[in-house]
Amino acid sequence: MVHLYNLHPFGSQQVVPCKQEPEQFCGGGRDALFVAAGCKVEAFAVSGQELCQPRCAFSTLGRVLRLAYSEAGDYLVAIEEKNKATFLRAYVNWRSKRTENSRVCIRMIGHNVEAPFSETFRDQMSIIEMPLSEPPLCISCCPVKGDLLVGCTNKLVLFSLTYQIINEEFSILDFERSLIIHIDNITPTEISFCTGYVAVMSDLEVLVLKLESDPKNRGSVNHHPHKTNSPMKPAEEGISNETSHLESDDFVMCQKPMELLGEKSKQSGVSVTLESTGLTDEKIKYFHVQHLLYRRFAPDISSYVLPDDIKLHSLQLLPIYHTGSLSSNGKNSSQEKELLSLFCFYSLPHVGYLYMVVKSVELMSIYQYPEKSQQAVLTPQFLHVITSNNLQCFTVRCSAAAAREEDPYVDTTLKACPPVSMDVCALRIQLFIGLKAICHFKNHIILLSKADPEAIPERRESPKRLLSRRDTSVKLQTPPVAEAGWNLYIVNTVPPVQLYKEMVDYSNSYKTVKTQSCIHLLSEAHLLVRAALMDAHQLEPGEKAELLEAFKESCGHLGDCYSRLDTQHAHLALPYYKMSGLSMAEVLAQVDWAAEDGSQKYERGLIFYINHSLHENLDEDLSEELAAKVVQMFHVAEPKQLPYILCSPSMKNINPLTAMNYLRKLDTSGFSSILVTLAKAAMALKIGDLETHRKEMKSHSEMKLVCGFILEPRLLIQQQKGQIFPTELAVHLKETQPGLLVASILGLQKNNKMGIEEADSFFKVLCGKDEDMIPQLLVDFWEAQLVACLPDVVLQELFFKLTSHYIWRLSKGQPPDSTPLRTSEDLV
């Protein structure tokens, strides 16, 4: 299900001052836009909110069919057509092109540049010709390495980005044809390439592969083709052969739809072959292929739709990088990016599919469009889709999936993130007349709109004829009218923090209703900020601090929702509050303590958060007023937790009389345990009521009291800022019942509630001794350990400690500072 909101992700817009109607266009890094029209490419400077200005222009060999830019290497590559022949050319050092008539160097791929000519390459643009045995159909540049992948009929050609070193100060960019990937029975219409991951799309098929660089499989790639997966099953081959015989004007054979993920995609029947074209084996990058995804669609022949209505479009691999991969100057260099996660998107006219394809292949989201889509572009924050009259903005779950890849503590009590499976939503459907194409770079969306002249079908075909493979299109007769008007727009997306604030304001309308919509919209706002932080190389100076503040605020909002709304995921209040940086007192200050009918109801999320926070050794003391409210809360919602809560260091300011009253209510309600007894004894001691204290301590046997201390060690020991402090009850037991105290600490140690060194420090602090001094109570504890028959390793250490202390005491004539609990006869 797609939620629809009316937010404003789009900001200002401007018209690109093109001279001719654009045929192809693409973004050029952080600050440029390339527009191809006729036999010319124009480059425009795009900077922030400033007007788009012409930068340079250069002529092409012919009409540009495909255009792509690579930030790694800063080059432009184009498929050009002239006299019905296609050419592949790369434009290097284009920023040095000052005027349209400036000199240009044209060279062949792999051509060695002689030293006398090297200086000419510094200040002029170079065009690299890349000859191919078959016409190129589509291209894709790796955003990390800058390698170029070219799609041809039944094969892909990989050109590796290289550099020719002229001297120590200067090198020129070049390419080397390194690999040919033969893919039978697929003619690519679009391809996408990123760090060894290859996505190929035909009209109705999608194939995603990973080129492995494991040298253990070196033998599977030679200078001759070698098949890397099993061919089609005989039955499928028979069907394929029969198809060619049965096909006629009246019949068309359609293969059934199929989706294969992971290892199962090898069963697709698509044969993949690797052929190395490098000059030496040392330069081989990839050795074998791993199949990740295969998806085949079939036309709905019952509706007699035109073939164009069921073709796939907008194939894209979207990488997300580790947020720490920044260069020394604070900028994220494309050569230094470390891939964290990768996503694959493709779309049918009415539905889009988003997959995660790195560690596991998984369908993340399905996007249902309200209208037939023309094209779509995926970004880390959004999915932008164009129809004939609308620009649509959908949310994506890429940052949620990447967060779980990057941080193992997500989905624990420490950290949280909205789930990948959460329903997507449409933030905006913006009216735009005549949209034809879209591209995205940085925080800009480039839109081509054109008001088409009215097209009239020349003749109407029968449904059978429309489905025939030999007649796949209807000829259109265009009336002799003037050429339609067009515009190329730059639409700026609003800053993430601004959109985040609007989403938070929008969510306030759901707070009084207490529905899941409030959580959903705040989760979308959280993911928006998280995605912006992950896309660190796009951030402006000073923007990261503002995003971090918004991130903490969003965590606080989500913590509020999960703590106050009745939801099955109420436990998420704990990690979100921790990530928000809010103190427990700040969270409690926002709680509405007033009861409408006199009976207060506390939601599970708030109880869960307070309970866990009070069980941790937080260096935070609640005021007497807040502590009293916490006691009241647990008395109503979780009375069994009340003794544990009162033992927390954060509750030390609680009025002991108030605490005693609530503990007594537990008794009168029929709830009784050894913990209640010990908690009442501790509170009576704080009040100064020694009579009640003695009464409570005598109500149970010493063994039961030891069990009570084992259940809640904080009755005796508390920690603050990493330091151990004996409680008031422990100090009192030292004077009145030292044997019980020693037995309790021994019980804590045997139950792994306290370490050996921690116990030693406890007794030294309790007796007020320095580190070098050993109090008699600690000796009593050692002797109790000896009697308890601990493991041999511990016994050897105990023997050494006791022997050393006995010798020291005898040599110094030093008597014990308190009466020993055991005599020598007891030990023997």
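These figures come from a predicted structure and were not determined experimentally.
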Say you draw a straight line from [atom1] of [X] to [atom2] of [Y]; how long is it, rounded to the nearest 0.5 Å?
{"X": "Asp423", "Y": "Ser421", "atom1": "CG", "atom2": "OG", "result": "8.0 Å"}
{"X": "Ile717", "Y": "Ile745", "atom1": "CD1", "atom2": "CD1", "result": "4.5 Å"}
{"X": "Leu733", "Y": "Met697", "atom1": "CG", "atom2": "CE", "result": "5.0 Å"}
{"X": "His700", "Y": "Ile674", "atom1": "NE2", "atom2": "CD1", "result": "4.0 Å"}
{"X": "Gln718", "Y": "Glu728", "atom1": "CD", "atom2": "CD", "result": "11.0 Å"}
{"X": "Asn751", "Y": "Ile710", "atom1": "CG", "atom2": "CD1", "result": "4.5 Å"}

With side chains defined as the heavy atoms from C-beta onward, is the minimum distance between [X] and [Y] less than 4.5 Å?
{"X": "Leu547", "Y": "Pro496", "answer": "yes"}
{"X": "Gln392", "Y": "Pro370", "answer": "yes"}
{"X": "Ser507", "Y": "His557", "answer": "no"}
{"X": "Leu678", "Y": "Met683", "answer": "no"}
{"X": "Val385", "Y": "Leu391", "answer": "no"}
{"X": "Ile320", "Y": "Leu342", "answer": "no"}
{"X": "Val396", "Y": "Phe382", "answer": "no"}
{"X": "Pro9", "Y": "Leu499", "answer": "yes"}

Nearest heavy-atom pair of [X] and [Y]: which atoms, and what distance?
{"X": "Cys344", "Y": "Val357", "result": "CB-CG1, 4.0 Å"}
{"X": "Leu414", "Y": "Met579", "result": "O-CG, 3.9 Å"}
{"X": "Pro408", "Y": "Glu406", "result": "CD-O, 3.7 Å"}
{"X": "Asn611", "Y": "Ile645", "result": "OD1-CD1, 3.6 Å"}
{"X": "Leu339", "Y": "Pro319", "result": "CD1-CB, 3.5 Å"}
{"X": "Leu622", "Y": "Ala627", "result": "CB-N, 4.3 Å"}

Thinking salt bridges, do [X] and [Y] make one under a 4.0 Å N-O criterion?
{"X": "Lys652", "Y": "Glu624", "result": "no"}
{"X": "Glu603", "Y": "Arg564", "result": "no"}
{"X": "Glu616", "Y": "Lys578", "result": "yes"}

Residues Glu524, Arg397; criterion salt bridge (Lys or Arg N to Asp or Glu O under 4.0 Å); working and verdict: CA-CA 9 Å; Glu524 294 286 8; Arg397 301 289 169 259; 2.5 Å; yes
Evaluation steps, side chain to side chain contact (heavy atoms under 4.5 Å, CB included), between Ser523 and Leu527: CA-CA 6 Å; Ser523 297; Leu527 289 177; 5.6 Å; no
side-chain hydrogen bond (donor to acceptor under 3.5 Å, both in side chains) contacts touching residues 491-506 (sequence neighbours left out): His8-Glu502, Ser12-Asn492, Gln49-Asn492, His444-Asn492, Tyr500-Glu553
Side chain to side chain contact (heavy atoms under 4.5 Å, CB included) between Ser623 and Asn653, intermediate numbers included: CA-CA 6 Å; Ser623 65; Asn653 293 326; 5.7 Å; no
Would one find more than 12 heavy atoms of other residues, nucleotides or ligands at under 6.0 Å from atom [atom1] of [X]?
{"X": "Lys415", "atom1": "NZ", "value": "no"}
{"X": "Gln13", "atom1": "CD", "value": "yes"}
{"X": "Phe725", "atom1": "CZ", "value": "yes"}

Ring geometry between Tyr367 and Phe345 (parallel below 30°, tilted from 30 to 60°, perpendicular above 60°):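 If you compare the ring of Phe345 with that of Tyr367, the planes turn out perpendicular.
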Parallel, tilted or perpendicular, as decided by the 30° and 60° cut-offs, for the rings of Tyr609 and Tyr577: tilted
Assess, by modelled atom type and distance only, whether the side chains of [X] and [Y] contain a donor and an acceptor separated by less than 3.5 Å.
{"X": "Thr379", "Y": "His440", "value": "no"}
{"X": "Glu758", "Y": "Gln719", "value": "yes"}
{"X": "Asp689", "Y": "His693", "value": "no"}

Donor-acceptor pairs under 3.5 Å, side chain of residues 358-365 to any protein atom, not counting sequence neighbours: which ones?
from: Lys359; atom 1: NZ; to: Glu405; atom 2: OE1; distance (Å): 3.4

Glu620 side-chain N/O to Ser650 backbone N/O, donor-acceptor pair under 3.5 Å: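 Checking the backbone N and O of Ser650 against the side chain of Glu620, no donor-acceptor pair under 3.5 Å is found.
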Validation row, ring centre Tyr562 to ring centre His571 under 6.0 Å: no
Proximity of His526 and Phe551 rings by center, below 6.0 Å: yes
Full working for side chain to side chain contact (heavy atoms under 4.5 Å, CB included) between Met503 and Leu427: CA-CA 9 Å; Met503 296 171 81; Leu427 296 182; 4.2 Å; yes
With sequence neighbours excluded, residues passing salt bridge (Lys or Arg N to Asp or Glu O under 4.0 Å) with Arg428: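 For Arg428 there are no salt bridge (Lys or Arg N to Asp or Glu O under 4.0 Å) partners, ignoring immediate neighbours.
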Test log, rule ring pair (Phe, Tyr, Trp, His ring centres under 6.0 Å), inputs Phe10 and His384: CA-CA 11 Å; Phe10 309 120; His384 300 290; 5.8 Å; yes
Intermediate values then yes/no, side chain to side chain contact (heavy atoms under 4.5 Å, CB included), Leu354 and Cys398: CA-CA 9 Å; Leu354 178 60; Cys398 298; 4.1 Å; yes
